[in-house]
K.L.:
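One structure is given below, represented as structure tokens, and several questions about it will come after.
Every chain is numbered from 1 and lettered A, B, ... according to where its sequence line falls, protein lines coming before strand lines.
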Amino acid sequence: MSYALVDCNNFYASCERLFQPHLEGKPVVVLSNNDGCAIARSNEAKQLGIAMGAPLHQIQALIKQHQVALFSSNYPLYGDLSARVMRTLEQLAPRVEIYSIDEAFLDLQGMPAPQRQILGRTIHQQVKRWTGIPVSVGIGPTKTLAKVANRFAKKSPKTEGVLDLSDPQWCRKALHQLPVGEVWGVGPRWAKRLNQAGIDTALQLSRMPPPLARQQFNVVLERTVRELRGESVIPFAALPAARQSIATTRTFGQKIHTHDEIKEAISSFTVRAAEKLRKQGLLAAALHLFITTNRFSEQDLQYKNSLTWSFQQPQDDTLTLLTGAHAALDAIYRPGYRYQKAGVILLGLVSAQHFQPSLFAPPPRLPNSRALMRTLDGLNQKMGRGTVRFGAEGPPKPSWGMRQLQRSPAYTTRWSDLPQV
DNA sequence: TCTGGGGTCCTAGGACCC
DNA sequence: TCTGGGGTCCTAGGACCC
């Protein structure tokens with residue numbers, strides 16, 4: 001087997017810089033929703049010591065001192081540029097698995113080494129030329145080793161953005177240099193446990209007997225060990241798997257405490273989730289609702305709770321989903337707390353096309369539900385999100401709405417935001 | 001005053017079956 | 001005084017990913 005992993009460098013930061021080229025070579029940071037913490041950093045920002053996930057209020061001084069360019073996250077922009085990168089890859093490589101917004105695996109099975117190198121170089125140059133986004137390419141006999149190769153391609157200037165670790169000798173050298181916690185599939189918890197067992201590098205992990213990995217941890221780590229040894233056990237997936245859940249969750253722009261405010265918030269989350277559900281042609285059998293106070297706050301009284309509400313039959317009708325969400329909220333809401341976050345997760349998803357209704361349950365749909373939902377979705381798609389709203393959602397600009405003070409324009413997805421040259 | 005959002009998979013334990 | 005064995009399904013919680 002042979003895989004390539006193509007990974008966009010500092011993706012969100014690169015997207016922002018693409019439309020503000022004067023920031024080339026300067027530190028750039030993209031913030032999470034509510035401008036809460038750093039979720040993407042340019043290399044210059046990383047060099048300043050700004051950590052992934054660092055809360056903004058803890059790095060303010062650094063930002064001022066080095067004039068770091070700050071951006072609120074702009075997902076329409078990143079989604080659109082991601083699609084351009086993926087379309088480019090699909091033109092250059094035979095089989096592409098889109099793994100995340102900024103990463104794709106390529107299946108290079110049967111390709112000889114010199115050709116792999118040429119393909120890697122071509123991808124590195126063409127994606128940059130056609131989309132403006134810099135990428136790194138890592139190649140290896142398993143997905144996990146392609147990930148390792150990618151990491152070195154990104155960090156070591158000698159590689160010029162492309163590294164093939166198919167040669168076992170080079171592979172061993174790389175694994176020896178790689179801390180175990182940076183292996184794909186090994187998170188902070190397991191890294192700590194592995195370190196305690198004397199396993200500090202990826203090479204040491206690759207030498208752990210797979211059955212032991214399974215016994216001491218679980219089958220996931222066993223697979224990682226096998227992959228590090230060159231045995232390909234994580235398959236290539238050309239087609240995306242069926243969705244298991246659809247979530248809309250938010251931290252509020254400011255704390256809210258009244259039942260009415262939370263009801264508005266969870267209503268609009270439910271409306272959004274239902275839109276996503278119908279867009280993907282799915283029905284949901286249950287709705288999970290959670291609400292929570294600020295877990296970081298030491299002075300606030302803490303409360304969190306959640307409830308899963310099951311429907312008689314899987315559905316995609318917003319009114320019915322709202323009924324479930326409201327009932328769930330009434331069951332778990334407690335007055336007297338400053339709520340910070342809430343969310344709605346749709347579960348038990350089945351295809352609307354293939355769904356077989358129950359023989360005994362009453363018909364779940366409200367009259368004309370299908371036509372009504374189609375009309376709402378059509379209007380909102382054509383005229384912009386929120387053109388037609390449910391009363392339960394409250395006003396269009398609610399008190400609990402997101403803080404996004406540094407938002408860049410939707411350069412590529414909104415006519416009014418087109419950049420002018 | 002200030003700490004994101006959207007996902008997946010695995011496992012243990014409880015409820016249930018015969 | 002004494003109460004089996006083998007199995008499935010579901011769910012919550014914990015780990016991981018980007």
Side-chain angles (χ1 to χ4, degrees), chain A residues 5-12 29-40 50-61 63 70-75 78-79 82 98-105 143-144 147 150-151 180-194 213-224 234 237 240-255 269 272-273 276-277 280 285-286 288 290 292-300 304-308 310 338 340-349 402-405:
Chain A
L5 175 67
V6 183
D7 192 325
C8 301
N9 301 346
N10 315 324
F11 183 53
Y12 297 170
V29 164
V30 177
L31 301 168
S32 63
N33 277 351
N34 286 312
D35 297 342
C37 47
I39 55 166
I50 296 174
M52 179 69 176
L56 178 60
H57 65 93
Q58 287 176 12
I59 53 174
Q60 280 291 11
I63 282 166
L70 283 185
F71 292 92
S72 302
S73 33
N74 184 346
Y75 291 103
Y78 312 149
S82 169
I98 298 173
Y99 176 69
S100 73
I101 192 164
D102 70 335
E103 279 174 71
F105 286 104
K143 283 182 162 180
T144 304
K147 276 263 186 188
N150 188 285
R151 184 186 167 281
V180 73
E182 295 192 28
V183 173
W184 187 42
V186 180
R189 298 287 169 90
W190 288 5
K192 200 173 163 197
R193 270 177 66 190
L194 286 165
R214 184 176 204 142
Q215 186 213 324
Q216 304 272 309
F217 292 83
N218 64 12
V219 66
V220 178
L221 193 74
E222 182 194 356
R223 285 201 276 257
T224 298
I234 303 176
R243 277 254 161 290
Q244 316 265 327
S245 62
I246 290 176
T248 301
T249 73
R250 289 288 176 279
T251 297
F252 306 130
Q254 60 183 54
K255 307 281 178 300
F269 301 163
R272 276 294 297 141
K276 296 185 205 172
L277 185 72
Q280 299 183 42
H288 182 80
F290 71 84
T292 175
T293 51
N294 181 3
R295 68 186 198 277
F296 296 107
S297 170
E298 283 169 14
Q299 64 267 32
D300 283 356
K304 67 175 191 175
N305 207 345
S306 68
L307 186 72
T308 301
S310 297
R338 300 171 71 223
Q340 188 221 17
K341 182 176 176 172
V344 166
I345 306 171
L346 302 179
L347 303 166
L349 306 186
M402 269 194 286
R403 278 192 314 270
Q404 290 205 306
L405 299 176

K.L.:
For a quick check of understanding: with a heavy-atom distance under 4.0 Å over all strands, which category does A/Arg295 fall into, base, sugar-phosphate or nothing?
P.N.:
nothing

K.L.:
Please pick, from B/dG4, B/dC9, B/dG6, the nucleotide with the shortest atom-to-atom distance to any side-chain atom of A/Arg223.
P.N.:
B/dC9

K.L.:
Have a look at A/Glu222 and say if it touches a base, only the backbone sugar-phosphate, or nothing, with a 4.0 Å heavy-atom cut-off.
P.N.:
nothing

K.L.:
Donor-acceptor pair, A/Ser32 side chain versus A/Ile39 backbone, under 3.5 Å?
P.N.:
no

K.L.:
In dot-bracket, 5' to 3', how would DNA chain B read with Watson-Crick or G-U wobble pairs under 3.5 Å, [ ] for crossing ones and | for pairs to another strand?
P.N.:
....||||||||||||||

K.L.:
Near A/Lys304 NZ, under 6.0 Å, is it more than 12 heavy atoms from other residues, nucleotides or ligands?
P.N.:
no

K.L.:
Rounded to whole angstroms, how far apart are CG on A/Leu347 and P on B/dC9?
P.N.:
14 Å

K.L.:
Using a cut-off of strictly less than 4.0 Å, decide whether A/Thr251 has a side-chain nitrogen or oxygen near OP1 or OP2 of B/dG5.
P.N.:
yes

K.L.:
Pick the closest DNA chain B nucleotide for A/Ile39 and for A/Gln244 by heavy atoms, then say which residue is nearer the 5' end.
P.N.:
A/Ile39

K.L.:
Any sub-3.5 Å donor-acceptor pair from A/Asp7's side-chain atoms to A/Asn150's backbone N or O?
P.N.:
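No, the answer is negative, given that no donor and acceptor are paired below the 3.5 Å cut-off.
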
K.L.:
Can a side chain N or O of A/Lys341 be found less than 4.0 Å away from OP1 or OP2 on B/dT3?
P.N.:
no

K.L.:
With a cut-off of less than 4.0 Å, is there a side-chain N or O of A/Arg250 near OP1 or OP2 of B/dG6?
P.N.:
yes

K.L.:
May I ask you to evaluate whether A/Lys255 reaches the phosphate of B/dT1, defined as a side-chain N or O under 4.0 Å from OP1 or OP2?
P.N.:
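No, no such contact exists.
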
K.L.:
Separation of A/Asn294 atom CG from B/dG4 atom C1', in whole Å?
P.N.:
13 Å

K.L.:
Hey, is the side chain of A/Gln60 poking within less than 4.0 Å of OP1 or OP2 on B/dT1, counting only N and O atoms?
P.N.:
no

K.L.:
Given atom CG of A/Leu349 and atom C1' of B/dG6, what is their separation to the nearest angstrom?
P.N.:
13 Å

K.L.:
What is the distance, to the nearest angstrom, from the NZ atom on A/Lys304 to the C1' atom on B/dT3?
P.N.:
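To the nearest whole Å, that distance equals 15 Å.
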
K.L.:
Under 4.0 Å, heavy atoms only, any strand: does A/Ile246 hit a base, just the sugar-phosphate, or nothing?
P.N.:
sugar-phosphate

K.L.:
Can you check each nucleotide of nucleotides 12-18 of chain C against protein heavy atoms at under 4.0 Å and return B for base, S for sugar-phosphate only, - for none, in 5' to 3' order?
P.N.:
---SSSS

K.L.:
Can you measure A/Leu221 atom CG to B/dC9 atom P for me and round it to whole angstrom units?
P.N.:
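To the nearest whole Å, that distance equals 18 Å.
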
K.L.:
Within this structure, what is the CG-to-P distance between A/Asn74 and B/dG5, rounded to whole angstrom?
P.N.:
16 Å

K.L.:
Could you check A/Asp35, A/Asn34, A/Asn33 and say which one makes a side chain to side chain donor-acceptor pair (under 3.5 Å) with A/Ser72?
P.N.:
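Only one option passes, and that is A/Asp35.
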
K.L.:
Is there a donor-acceptor pair closer than 3.5 Å between any side-chain N or O of A/Asn218 and the backbone N or O of A/Leu221?
P.N.:
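Answer holds: yes.
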
K.L.:
Find the distance between CD (A/Gln299) and CZ (A/Arg338) and round it off to the nearest 0.5 Å.
P.N.:
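CZ of A/Arg338 is found 7.5 Å from CD of A/Gln299.
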
K.L.:
Please name the pair of heavy atoms, one in A/Val30 and one in A/Ser73, separated by the smallest distance, quoted to 0.1 Å.
P.N.:
CG1-CA, 4.0 Å

K.L.:
Taking the nucleotide of DNA chain B with the closest heavy atom to each, which residue, A/His57 or A/Ser245, is nearer the 5' end?
P.N.:
A/His57

K.L.:
Where does the angle between the aromatic ring planes of A/Tyr78 and A/Tyr75 fall among parallel (under 30°), tilted (30 to 60°) and perpendicular (over 60°)?
P.N.:
perpendicular

K.L.:
Rounded to the nearest 0.5 Å, how far does CD of A/Gln280 lie from CZ of A/Arg243?
P.N.:
5.5 Å

K.L.:
Measuring from the side chain of A/Val219 (C-beta onward, heavy atoms only), which nucleotide among B/dG7, B/dC10, B/dT3 has the closest atom?
P.N.:
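For the A/Val219 side chain, the nearest candidate turns out to be B/dC10.
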
K.L.:
Counting only heavy atoms not in A/Lys192, do more than 12 sit closer than 6.0 Å to its NZ atom?
P.N.:
no

K.L.:
B/dG7 P sits how many Å from A/Phe290 CZ, rounded?
P.N.:
12 Å

K.L.:
A/Ser73 near the nucleic acid: base, sugar-phosphate alone, or nothing, with a heavy-atom cut-off under 4.0 Å?
P.N.:
nothing

K.L.:
Using atom CG of A/Leu346 as one end and atom P of B/dG6 as the other, report the distance to the nearest whole Å.
P.N.:
11 Å

K.L.:
What class does the angle between the rings of A/Trp184 and A/Phe105 fall in, given that below 30° is parallel, 30 to 60° is tilted and above 60° is perpendicular?
P.N.:
tilted

